[in-house]
Amino acid sequence: MTLKKALFIAGLLVSGSAFAQNSNTLYMMENVFQNQFNNPAFEPISNISVNLISGSVEAGFSGFALGKFINTDGSDNSVEVDPRDVVDKLGKNNELVFKTDLTLLGFGFKVKSIAMQVSLRSRTNLSLNLPEDLLRLMVEGNGESFLDRPADLSNTSLNLTTYAELGVAGSVKVGNKLRVGARVKFLSGLANIHTEKSELTLTTDQENYGLRLQGAYTFRSSNVTDELDVTDFEGILNGDFKNTGIGLDFGFTYKLNDKMTVTGALLDLGAITWNQNTKSYENDSFDFEYKGEDIFDFADGNHTDEPDMLDSLSNAIKAVETEGSYTTGLPARLIASFEYKLNEKAYIGAVTASEYVPGLRKVRPNFTGFYRMQFGKTFGINFSNTIAYRSFLNPGIAMAAKLGFFQIFMSSDNILGVFSPESTRSASVAFGMNLAFGGSKGIKQVTAP
């Protein structure tokens with residue numbers, strides 16, 4: 001194995017467990033080089049910035065916090081779960097989210113009012129949606145809640161995208177109050193699972209408990225086959241880009257007056273076309289009905305064998321398998337913030353963000369309020385609370401420090417989720433280390449979140 005291949009494979013493995021620069025708490029930290037990924041209009045604090053290591057992870061489930069439904073018996077440390085308490089707290093759609101973002105390379109410089117940045121990142125977005133009726137059906141069976149109505153299992157979906165991103169960004173000051181920025185991103189898709197259509201209902205007959213399964217689905221994938229080999233990804237290093245795409249980021253910061261600043265960004269506008277090892281599975285419409293077996297046939301030994309019923313079900317829902325290119329959109333994000341300067345060291349404000357989920361065709365919103373302090377030129381700290389994943393209490397914290405040319409930072413939207421994930425619905429962590437040369441020494445007194 002060559003050194004180049006070993007380094008690339010190591011990067012892929014780390015990106016699966018390392019940490020996604022998309023938290024609202026990190027968005028407030030304009031003084032951090034990596035935060036330009038969240039808004040390309042943020043001005044770097046140094047003339048030259050070099051990323052040493054940085055990344056992030058976000059995980060969340062909008063259905064419930066596991067700790068609320070688990071009781072531990074102190075005598076033998078056994079764990080008891082009441083499934084009915086779980087399903088009673090569910091929403092109509094319950095989404096499991098997992099994101100990673102690893103910055104492999106990063107370099108930026110500033111000349112007067114113009115700033116430029118080049119970065120190479122490895123990113124993963126995973127979204128699994130579980131409808132309430134699906135989870136309720138698993139807990140209760142079909143003989144309780146679903147005798148007077150069908151179980152709606154539509155929108156059961158799995159969407160996964162892993163890709164490499166080469167970004168080139170620039171920003172410039174326009175007048176005395178406005179700064180605008182943009183980033184062009186060249187994308188190379190590594191793997192994808194895409195649920196394009198998911199329609200499914202299960203109806204139980206009230207009289208004879210017969211079952212009727214109806215629906216349609218379309219499911220696509222790229223590089224998710226039995227023949228998948230990590231050496232397929234080596235082509236990216238050699239310029240053999242088979243799953244290509246383009247992404248765009250736009251941002252601005254605007255100083256209303258000496259105390260108030262607003263910012264905004266529209267991120268990840270774009271798509272990837274998948275051409276490598278593609279598979280599509282589609283069934284436009286299926287209708288399967290099972291009325292059970294006659295008990296007298298069982299007594300006479302003339303009953304229908306169970307495998308025949310399973311074969312009928314398999315044939316009814318069987319998909320047409322094809323190969324061919326397809327395109328998926330990125331999960332675009334819209335972010336905005338407002339900050340008010342209390343004094344030279346203290347700031348308060350809010351950040352709101354909305355993310356479009358392509359697989360579900362819905363918007364995932366969140367909101368963060370914060371209080372930020374700057375202690376001299378070497379240390380800054382932010383305290384926040386975020387409303388996300390149908391949870392209102394998610395305290396966060398962010399810190400950044402600089403000693404000489406060396407800078408280190410960390411951020412979390414929900415610090416409780418880091419240390420006690422079983423008691424919360426979400427957790428996020430971002431961290432990084434940079435080298436910064438020239439410009440402001442230490443952490444400057446920023447005026448925009």
Side-chain angles (χ1 to χ4, degrees), residues 16 20 22 58-64 86-87 89-100 123-139 146 150-163 189-203 213-225 243 245 268 270-274 277-288 313 316-322 324-333 354-366 388-390 425-426:
N22 53 9
E58 176 186 347
F61 181 53
S62 63
F64 55 86
V86 172
V87 296
K89 301 296 189 300
L90 295 172
K92 182 177 181 181
N93 288 291
N94 304 275
E95 191 177 10
L96 177 66
V97 176
F98 181 73
K99 302 179 183 180
T100 68
R123 305 179 66 182
T124 296
N125 290 290
L126 169 66
S127 176
L128 173 64
N129 189 70
L130 303 173
E132 176 189 356
D133 282 3
L134 174 63
L135 298 175
R136 188 174 293 278
L137 185 66
M138 295 171 61
V139 172
F146 304 113
D152 186 1
L153 312 180
S154 299
N155 290 328
T156 302
S157 64
L158 172 64
N159 294 279
L160 168 68
T161 301
T162 299
Y163 62 96
L190 302 180
N192 176 256
I193 299 173
H194 175 58
T195 305
E196 188 170 295
K197 179 193 293 186
S198 176
E199 301 173 359
L200 185 63
T201 60
L202 177 66
T203 303
L213 189 67
Q214 299 171 288
Y217 64 89
T218 302
F219 182 82
R220 308 188 192 280
S221 69
S222 173
N223 278 346
V224 186
T225 66
N243 302 320
D268 291 328
I272 299 175
T273 298
W274 302 89
N277 295 331
T278 60
K279 296 287 185 180
S280 295
Y281 305 89
E282 185 173 5
N283 190 324
D284 287 334
S285 179
F286 61 84
D287 190 338
F288 174 77
L313 174 61
I317 65 175
K318 186 176 181 179
V320 176
E321 180 179 334
T322 59
S325 301
Y326 65 94
T327 299
T328 60
L330 299 179
R333 290 188 293 142
S354 296
E355 180 177 8
Y356 177 70
V357 187
L360 293 178
R361 298 180 178 86
K362 75 168 190 177
V363 174
R364 184 193 302 131
N366 55 61
Y389 297 101
R390 295 202 290 264
R425 296 189 183 189
S426 65

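The structure places CD of Glu282 at 6.0 Å from NZ of Lys197, a figure rounded to the nearest 0.5 Å. Remark: Thr100 OG1 to Leu126 CG distance equals 9.5 Å, nearest 0.5 Å. Put simply, CD1 on Ile193 and OG1 on Thr162 are 9.0 Å apart, with the number rounded to the nearest 0.5 Å. In this structure, the separation between CG on Asp152 and OG1 on Thr201 is 7.0 Å, given to the nearest 0.5 Å. One distance of note links OG of Ser62 with CD of Glu95; it measures 6.0 Å at 0.5 Å rounding.
There is no side-chain donor-acceptor pair under 3.5 Å between Asn129 and Asn155.
Scored by the side chain to side chain donor-acceptor pair (under 3.5 Å) test, Thr218 finds no partners at all (sequence neighbours excluded). With sequence neighbours excluded, the residues that form a side chain to side chain donor-acceptor pair (under 3.5 Å) with Gln214 are Asp287. Take Thr322 and apply the side chain to side chain donor-acceptor pair (under 3.5 Å) test, not counting sequence neighbours, and it matches no residue. Remark: Tyr217 pairs with Asn283, Phe286, Ala319 by the side chain to side chain contact (heavy atoms under 4.5 Å, CB included) rule, at least two apart or across chains. A search for side chain to side chain contact (heavy atoms under 4.5 Å, CB included) contacts involving Leu137 returns Asn142, Phe146, Leu153, Leu202, not counting sequence neighbours. Under the rule for a ring pair (Phe, Tyr, Trp, His ring centres under 6.0 Å), the partners of Phe61 that lie at least two apart in sequence or sit in another chain are Phe64. Checked against salt bridge (Lys or Arg N to Asp or Glu O under 4.0 Å), Asp268 has the following partners two or more places apart in sequence or in another chain: Arg123, Lys185. Remark: Glu199 pairs with no residue by the salt bridge (Lys or Arg N to Asp or Glu O under 4.0 Å) rule, at least two apart or across chains. Applying the side chain to side chain contact (heavy atoms under 4.5 Å, CB included) rule to Leu130 yields the partners Leu128, Leu134, Leu135; only residues at least two apart in sequence or on another chain are considered. Every residue meeting the side chain to side chain donor-acceptor pair (under 3.5 Å) condition with Thr273, not counting sequence neighbours, appears here in chain and number order: Thr327. Scanning for salt bridge (Lys or Arg N to Asp or Glu O under 4.0 Å) contacts around Arg220 gives Glu196, with sequence neighbours left out.
Nearest approach of Asn223 to Leu190, heavy atoms of both residues: ND2-O, 2.7 Å. Annotation for Ser354 and Val363: closest pair CB-CG1, 3.6 Å, computed over non-hydrogen atoms. When all heavy atoms of Leu90 and Glu132 are compared, the closest pair comes out as CB-CG, 4.2 Å. Contact between Ser154 and Pro131 at its shortest, heavy atoms only, is O-CG, 3.1 Å.
Looking at Thr278, its side chain does come within 3.5 Å of a backbone N or O of Gly324 through a donor-acceptor pair. Between the side chain of Asp133 and the backbone N or O of Ala151, no donor-acceptor pair lies under 3.5 Å. Side-chain N or O atoms of Ser198 include one that pairs as donor or acceptor with a backbone N or O of Thr156 at under 3.5 Å. When atom types are taken as modelled, the side chain of Thr161 and the backbone of Asn192 share no donor-acceptor pair closer than 3.5 angstrom.
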*Taking it one step at a time, do Val224 and Asn277 satisfy side-chain contact (heavy atoms from CB on, under 4.5 Å)?*
CA-CA 8 Å; Val224 186; Asn277 295 331; over 6 Å; no
*Candidate pair Glu355 and Arg364, rule salt bridge (Lys or Arg N to Asp or Glu O under 4.0 Å), full reasoning*: CA-CA 5 Å; Glu355 180 177 8; Arg364 184 193 302 131; 2.8 Å; yes
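Residues Tyr163 and Thr124 have side chains not in contact (no heavy-atom distance under 4.5 Å, counting atoms from C-beta outward).
Using cut-offs of 30° and 60° on the angle between ring planes, the pair Tyr326 and Trp274 is parallel.
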